[in-house]
Amino acid sequence: MKVETYEKAFLALSGITLVICLGVLLYVPIGFGIHLPGRVAEIDPKEVRTTPPFDNPGVRQTGPNEYEVVLIGQAWTFIPPEVRVPVGAKITFTATSADVIHGFHIEGTRMNMMLIPGEVSQNTYTFQRPGEYVVICHEYCGLGHHTMFGKVIAE
């Protein structure tokens, strides 16, 4: 009789734990506004350099205190390799890959995207502190993967 009581208590505790975990999984993205980077459009990977906006990568102002950084990931570099953005401005990163899957992660921030050939990825970030932020590729992209990095300078 005592064993059944322990089993019921264990099952109840397990069920409560699962409900709490599910609640946390649902609350965090909604409560903190965390979301996956959006797939904005599709693009022919062979035509990246001739398709706007990737025909002119770099930083451009899109509104008052709003900027867009357009970049391309390719073996084994980011184009452009360095960008300068103002501190406190809303920065929208628009990126794609010209060859294989690359990662785009800005160290010390929550900026993290996958650059997939044929897809345009977009994510927004505001740099609160000035400094140099290293951009790394976090997806293995071949023999030169360890040399693939860039820099965002917030000033």
Side-chain angles (χ1 to χ4, degrees), residues 16-155:
I16 291 169
T17 303
L18 286 174
V19 169
I20 289 171
C21 288
L22 182 61
V24 168
L25 285 173
L26 293 174
Y27 171 74
V28 168
I30 296 166
F32 292 105
I34 297 171
H35 62 281
L36 294 173
R39 177 180 174 184
V40 178
E42 292 185 10
I43 187 172
D44 183 358
K46 297 174 189 145
E47 305 293 325
V48 168
R49 288 202 169 73
T50 59
T51 305
F54 300 104
D55 57 345
N56 188 22
V59 182
R60 63 183 57 82
Q61 189 166 6
T62 57
N65 210 27
E66 292 185 9
Y67 294 82
E68 180 182 37
V69 175
V70 176
L71 60 90
I72 302 168
Q74 73 174 31
W76 292 285
T77 187
F78 292 105
I79 301 171
E82 178 180 303
V83 294
R84 294 179 180 272
V85 296
V87 173
K90 179 180 174 185
I91 312 296
T92 301
F93 290 89
T94 304
T96 192
S97 171
D99 47 22
V100 298
I101 294 176
H102 295 286
F104 178 80
H105 174 70
I106 302 176
E107 290 290 319
T109 71
R110 63 170 179 75
M111 273 298 303
N112 187 355
M113 297 190 294
M114 288 188 67
L115 309 183
I116 301 171
E119 291 185 16
V120 177
S121 296
Q122 199 170 60
N123 205 347
T124 303
Y125 189 75
T126 302
F127 293 91
Q128 300 297 339
R129 287 178 291 221
E132 290 187 4
Y133 297 83
V134 176
V135 179
I136 62 167
C137 176
H138 59 74
E139 292 290 329
Y140 181 73
C141 55
L143 292 175
H145 167 72
H146 64 284
T147 65
M148 187 170 178
F149 63 92
K151 190 185 306 183
V152 175
I153 300 171
E155 48 191 18

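We're numbering straight along the sequence, starting at 1.
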L22, CG atom: more than 12 neighbouring heavy atoms under 6.0 Å: yes
Other residues, nucleotides, ligands: >12 heavy atoms within 6.0 Å of F149 CZ: no
So which heavy atom on [X] is nearest to which on [Y], and how close?
X	Y	value
M111	F93	CE-CD1, 3.6 Å
S97	V48	O-CG2, 4.0 Å
P117	D99	CG-O, 3.2 Å
F54	L71	CE2-O, 3.5 Å
Q128	V87	O-CG1, 3.4 Å
C141	W76	O-NE1, 3.2 Å

[Y] side chain reached by [X] side chain, heavy atoms, under 4.5 Å:
X	Y	result
N123	F104	no
Q122	M113	no
M148	F78	yes
I106	V135	yes
V59	R84	no

Rounded to the nearest 0.5 Å, what separates atom [atom1] in [X] from atom [atom2] in [Y]?
X	Y	atom1	atom2	result
Q61	E66	CD	CD	9.0 Å
T96	I43	OG1	CD1	5.5 Å
I16	L18	CD1	CG	10.5 Å

Side chain H145, main chain E139, donor-acceptor under 3.5 Å: yes
Side-chain donor/acceptor of S121 to backbone N/O of M114, under 3.5 Å: yes
T50 and D55: CA distance, side-chain angles, deciding distance, side chain to side chain contact (heavy atoms under 4.5 Å, CB included) verdict: CA-CA 5 Å; T50 59; D55 57 345; 5.5 Å; no
Derivation and outcome, side chain to side chain contact (heavy atoms under 4.5 Å, CB included), residues E82 and I153: CA-CA 7 Å; E82 178 180 303; I153 300 171; 3.4 Å; yes
Working for side chain to side chain contact (heavy atoms under 4.5 Å, CB included), residues Y125 and T109: CA-CA 8 Å; Y125 189 75; T109 71; 3.6 Å; yes
Aromatic ring pairing H105/H138, orientation class (parallel under 30°, perpendicular over 60°, tilted between): perpendicular
Worked check of side chain to side chain contact (heavy atoms under 4.5 Å, CB included) between V85 and V152: CA-CA 7 Å; V85 296; V152 175; 3.9 Å; yes
Between E68 and T94, a side-chain donor and acceptor under 3.5 Å: yes
